[in-house]
Each structure stands twice: as C-alpha cells, then as structure tokens.
2 protein chains.
Amino acid sequence: MDELHEHYQEVLSAVIEEYFITACPVGSKFVANNCPLSLSSASIRNIMADMEERGYLSQPHFSAGRVPTPLGYKLYIESILKTKKISRRQKENIKLKIDFSNNKDIKNILKQTIRSLSDVSHYTGVVLAPEVSVSKLLHIEFIKVGPHNILVVIIFEGGIVENRIILVDKNYDDDTLVKYSRKLNSIIEGHDHNLDELREIIIKEMLRDREDFYFILNKMFFDFNFNNNGEEDKDDYLLIGSEEILFDEPEFASHDKIKSLLKAFNDKKTIIKLLELTKEKKGTMVFIGSDTEWSEINGLTLITAPYKSKKGHAGGSIGVIGPARMNYSFVIPVVDYMAELLSEMIMI
Amino acid sequence: MDELHEHYQEVLSAVIEEYFITACPVGSKFVANNCPLSLSSASIRNIMADMEERGYLSQPHFSAGRVPTPLGYKLYIESILKTKKISRRQKENIKLKIDFSNNKDIKNILKQTIRSLSDVSHYTGVVLAPEVSVSKLLHIEFIKVGPHNILVVIIFEGGIVENRIILVDKNYDDDTLVKYSRKLNSIIEGHDHNLDELREIIIKEMLRDREDFYFILNKMFFDFNFNNNGEEDKDDYLLIGSEEILFDEPEFASHDKIKSLLKAFNDKKTIIKLLELTKEKKGTMVFIGSDTEWSEINGLTLITAPYKSKKGHAGGSIGVIGPARMNYSFVIPVVDYMAELLSEMIMI
DNA sequence: ATTAGCACTCGATTATTTAGAGTGCTAATG
DNA sequence: CATTAGCACTCTAAATAATCGAGTGCTAAT
C-alpha cells in the first residue's frame, strides 16, 4: 500500500464524502472527476477494486458503485481525529444554539444537553448520567411533610438530588428531624462516602445503639436501595433523545430498517457499556456499527465523549448516534465540545 | 333509523370487532355469518350501504369491504362507556403487572405508570404531571452545598420536589440557612399558597425590609421561574411512553404513516390540551383522530382519565394513545383503573 | 323485507420489458 | 509499467402488461 497510500486516502475520502451527501453508491467516474488526483475513471476502477479486496469498500451488487465499509470509515476517521479541531466560530454557533437560560437542576441540564446535541448534530443525542450509587454523598436532609411522612433528600456530588417520601410510625417533630439531619451530616462531612459505604458505617453503629435515629435511617436505606435489581436499574442512567430524527435518513427508509434501528436503541445495555467505556478513557471515541465493539446494528455509529464535574469524580459521558454515513469531521468536534460545556455546567 | 337501530348496532359491532382483529376492510359476507342477526349477505349489503351514507362506515375503494369511521367508533364507544366495567379478575391481573416494588419519588411513579399503561394496553401511555406552578407549596428548604452554593428544595403538594442550586455572593453558614428556612416555612404553613402567590407576598415584605433573607429569596424566585416562556414549558409536564410499540400495528406499516404518527406525538400542545380537558372533567374520555376535538391525525385515538391526590387539588391525567382500531372495551376500563391506582399512590 | 344470482370494478400480485449506470477486462499508449 | 480508451457484460430499478379474486350494486324472484 506504500506508494498507493496517498491514492487510497484520496479515493476513500472522495467516496465517503460523496456517499455522505447522496447515500448512493459512488462510481469510478465521479471519483475521477471530483478528486484532486488527475486519474481516469479506469485507473480509479483499478484502485477501487483493490480497495474492495482489502476491505475498505464494498459493492452492494455487481454493477453498482462502491460504498465505504466500517473498516473504510475507521481509516477515514483516524485522520480526522488527529487533525480536526473545532473552530472558534463553530463554538460560538453551538453556544448560541444551547438554551441554558434557565438555571436548571442537573437532570434538566442533562436533558437540555441531549436536546442541544440533537439540534446541532441532527442526530440522536444520548447521555449517561453520573451513577448515583457510587457518587460521593454531600448532604442528607429529613423534612417533615405529613404526620407520618418524612421526605428524605439526598444530595450527591455533581448536584444530583434524589428524594423519597418515607412512611414512619411515630410523629416526629421538626426539631427532632433537624437534629437527626445534623447528626447524619456530621458523619458524612468530609469523608467522601458513597451511599453503600454510609450504610456499612450505620449498620455498625446500629448494633451498638438502637434509637429512633437509626430506625429512620434503616427505612431510608431500604427505599433508596438503587441497585437491588442488579443490572436492571442502570438503564435509568441512560437518557436517549428523539430517535425520530434518524427516520429521515434514507438508510432507514424501509420499515425493516426502522425496526432494527429501534431494536438497537432498546438494547440499552450495549449503549451503556460503550458510554461507560468512554467514561474511563479520556477523549472522544467512535464506535462504528458492525465493528468489533458494536456488533448490534449495521449502519449505525456512536460518537462519545466523557464529561466530569470540575471538583471531583462525578461524571459520565455523552454521545451522538447516527448513520455510519455521517459528517464525521463536523460531528466529532461537536460532541467533544459539548462534553466540555457540560463539564462546566456541573457546579458542585 | 328507528326499527333499524338494532341492526345498525349489531352490524357496526361486527365490523368494528372484526376490523380490530384483521385491520382489513370487512365484507358483507363475513358480517352475515358472524353476527347474531340471521340475515343474508345481500341484506347486510343494503344495511351497510345505508350506514355508509349516514357516515358510520366507509369504503377505502370501490370493491373493498367497509371500515368504521370516527363517527362509527363514537357510536360504538358510547354503548361501551355506559355498560362496561372492569372485572375483579382483570383488576388483579393489572395490579400484578405493576411494579411499584421500590418506593419511588413522584416522578418515578409517573414514569412507572406510563410503563404499566403500555404493558397492559399494548399501546403508548401518556401522563400529564401535576402542574407545579399552580400547586400548593408544602415546604421550602435551603441547604448549603458549597461555599457559595445553596441548594433550594421546594416541595409541592402531591409530593413533587423541585430543586436548583443557586449561586450567592456571601458565605452563609448552616445555622443561618436553617433560620431562613424556618422563617420562610412559617409564612407558607397552612396557607395553601402556590409559588406565584408566595412571590407576591415576599415582594411586599421586601419593600419594607431589605435583609439577606430576601436576597436569597429573590434569587430563588428567579431560578424557579417556571412559566417565563409562556407555553413552552408546559411540554415538560407531558410524559410520553415508548412510541415504538405502535409501529407494529399494521396501519403504521408504511413509512409515511410512521412519520405522521411521530408528527402527532411531537405536537405536544394538542395532547396536553386534551389531557387538561380531562383533568377538569370527572371521568374517562375518548378522543378519536379526525374527530372535531383531535383533528391532528387520522387513525389515532386517545383515551384519558384524571387522577388526583387524596388530600387536595394536586392532580393531572393519564392516557393511552393507540390506533383508532382499538379494543375499546378492554382499554377504556384499564385507563380508568390505572388512574384510580395512581391516585392512591400520591400520598401527600 | 329479504335473498339468490350475476355482471362489474378495482386493488393487489405477478410476469415481462426496457433503460441505464457501472463494472471488469483487453489492448493500446507514453 | 502505470495509465487509459473502448467495449461487452451484468444487474437493478422503473415502467408496462396480465391475471386474479374479493366484494360490490342491482335486478328479479320469493
């Protein structure tokens, strides 16, 4: 591939970029006319036949043009990931499209992020929320909302707030609850516990001392038992934007394709797996359908980037799902930049 | 229609019930064989021709069978609404399918309701959440989560909890915030104010007395300004379940149909309007697509029922969206019963 | 009022034809 | 030896034609 290297890249780019626009197989004639190489269509045919043998292109049927394969996209994307940076003007443009006008709570910020991702990229945005069960505790508060109803509010690092109303037998007064809140927070403060760790500590204390305080805590742990169902609950951390936006893409024009598309979206575990993978790495990642990593659906691509709260360890990842035939040089930097913006939004 | 009345009803039922199963136009021969009337197909043809003229049935094309019109459905549903009640066994069945195992916060309960609606009815569930901006306040709490970050938690009747992190210049200590919380709650307590009304009161006080307390409140009102965008924000109150479930229905097999289906779902304002209408009425309502009330899409039906918290005025409505060709005698009682169950779940 | 009989209509399905785009291969060229 | 013009070949998609059958409306008989 040595001396052909340049030719390969040029032809590949020409095919991919044209295929992005038309969604139709690209013929040798077109490539001959629209690519910097001054070669005849016959020469291009030779190159393309060779590239097909090596797995970068494929023919839908005998006498059609060529279409990029996942391997072809991969090669193409590598060069983009190295070179492309988002321009200042693009950044401004994106920022304009984002509506963070209202101060929102974290969950709404995540929702808003999905919407912005979709608006800007024209594909489906996804967000993996920070995982509550491993997040550090910031504060817990008991609030009386009825004679036998206590609202428990738990605040996690990253600004996630969870709440439940718990039922108790006794009619505690406000002062008692304030006292209990203080007592509990003095345990939490400055220790970076997560909920499970706190439970461990409390259980030990409880064996020694059996007062009402621990009764409420016990009830609390029961109602906030996030991962009792094992895997199941993780699904709630994955937020998926409007999938409909993809139905306009010609590759999903047929009924069968739409169904397989929806099947891919319903298979949340796989998407979560990839987003979690991204969370651990540093930068943007691209998963191409039928790739080794994402074999669930052919023709879809997932572009991901991690985000993280300024202070600490709370974080997750965001992404965009679109057709493999995608404007990578535009979308990749967008996802990257959105993750950056989101990181800035998470205050505590 | 006098002496034909019985015939009309029987034929209509036969057509609708068969059309529900096959989704194909129903011919006179079938009706003749499968309906209590002992009439020949020719007689049925006469009746059906007459019913078409009166608008209860229609022919997709000249030589096909007949299909019920919205008007036909309406007539059919009227008799169901009067007679059908859900059986105790069905109730048990539904209750089994509902997973309220984990004590959830109100928003998760609403989400769970949607999921159960979809599971039981096999159509798309929708829920209109209680409107926060008009809900009565129960409690407000300030919690320190950073040197300049205060988490404000507002609890509304119905158990809805909203929170925002607000930025302040001064570094308030915990005691001060507890004091402020108490002061504010003493204003709220027992007065059934909503957020807007509270704002009015605070603004008056503020003119007299300009201390830090009011500064924080001012910030709070700014960040919790729910309906500053007019209509826009109402969209957030509408939760829609998985729409994909409808794609299996034969009437949405074509690409065009799916797109018009999604268009109908995206037109949230219309759905919200109908759900709000239901909130004000007492019982179950049925809106048939291309009806006078819901002209947005042909072939869809929305069945709704209101729910309400035990104590007071917090409430909303739930519904199911499915094809007009729907098993009304099953779905209507289901929606009704689910609304009842949801009402029981809302504790405060 | 009801019904058997019959000619007729029109959509759905299948078969057939046609047009054209793009290929691979071969032989010629610098 | 890389490149290219020329040409026969392949296969799809679109257009056209043919066939089938379900269901109708109407008429005349009961």
Axial bend angle, the helix from C:dA1-D:dT30 to C:dG30-D:dC1: five-pair end segments, nearest 10°: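 Its terminal axes enclose an angle near 20°.
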Does any donor atom in the side chain of B:Y76 or B:E17 lie under 3.5 Å from an acceptor atom in the other side chain?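 There is such a pair (donor and acceptor under 3.5 Å, judged by atom type) between the side chains of B:Y76 and B:E17.
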Take atom [atom1] of [X] and atom [atom2] of [N], then tell me their distance rounded to the nearest Å.
X: B:H61; N: C:dC10; atom1: NE2; atom2: C1'; answer: 6 Å
X: B:D50; N: D:dT24; atom1: CG; atom2: C1'; answer: 16 Å
X: A:H7; N: D:dA2; atom1: NE2; atom2: P; answer: 11 Å
X: A:I44; N: D:dT3; atom1: CD1; atom2: P; answer: 10 Å
X: B:N33; N: C:dT3; atom1: CG; atom2: P; answer: 12 Å
X: A:I47; N: C:dT23; atom1: CD1; atom2: C1'; answer: 16 Å

Nucleotides 24-28 of chain C: which of its N/O atoms have a protein N/O under 3.5 Å away?
{"from": "C:dG24", "atom 1": "OP1", "to": "A:R66", "atom 2": "NH2", "distance (Å)": "2.8"}
{"from": "C:dG24", "atom 1": "N7", "to": "A:R45", "atom 2": "NE", "distance (Å)": "3.2"}
{"from": "C:dG24", "atom 1": "O6", "to": "A:R45", "atom 2": "NH2", "distance (Å)": "3.4"}

Do you know which two heavy atoms are closest between A:R66 and A:V15, and how far apart they sit?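 For A:R66 and A:V15, the tightest heavy-atom pair comes out as O-CG1, 3.9 Å.
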Shortest non-hydrogen contact between A:I86 and A:P333, atoms and distance: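 That would be CB-CB, 3.7 Å.
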Is a side-chain donor or acceptor of B:T69 paired with a backbone partner of B:Y56 at a separation under 3.5 angstrom?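 Present.
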Backbone of A:S87 reached by a side-chain donor or acceptor of A:Q90 within 3.5 Å: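 Yes.
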If you measure from the Lys or Arg side-chain nitrogens to the Asp or Glu carboxylate oxygens, is any gap between B:E251 and B:K257 under 4.0 Å?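 Salt bridge absent between B:E251 and B:K257.
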A:R115 bridged to A:D119 by N-O distance under 4.0 Å: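 No, no charged N to carboxylate O under 4.0 Å.
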Return whichever of B:S40 or A:A64 has its heavy-atom-nearest nucleotide of DNA chain C closer to the 5' end.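 Nearer the 5' end of the strand: B:S40.
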Could you grab the distance from atom CD1 of B:I332 to atom CD1 of B:I303, nearest 0.5 Å is fine?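 Taking CD1 in B:I332 and CD1 in B:I303, the distance rounds to 4.5 Å.
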How many angstroms lie between atom CD1 of B:I321 and atom CZ of B:F265, to the nearest 0.5 angstrom?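 The CZ atom of B:F265 is 4.5 Å from CD1 of B:I321, to the nearest 0.5 Å.
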Walk me through whether B:S317 and B:T278 qualify under side chain to side chain donor-acceptor pair (under 3.5 Å). CA-CA 7 Å; B:S317 44; B:T278 308; 4.9 Å; no
Out of C:dT2, D:dT4, D:dT10, which nucleotide sits closest to the side chain of A:S63?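 Side chain of A:S63 sits closest to D:dT10.
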Short side-chain N/O contact to C:dT3 OP1/OP2 from B:S43, under 4.0 Å: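 True: B:S43 side-chain N/O within range (under 4.0 Å) of C:dT3 OP1/OP2.
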With the threshold set at under 4.0 Å for non-hydrogen atoms, list the residues of residues 24-32 of chain A touching DNA chain C in residue-number order.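 Within this stretch, A:G27, A:S28 sit under 4.0 Å of the strand.
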State yes or no: are the ring centers of B:Y73 and B:Y328 separated by less than 6.0 Å?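 Centroid separation for B:Y73 and B:Y328: below 6.0 Å.
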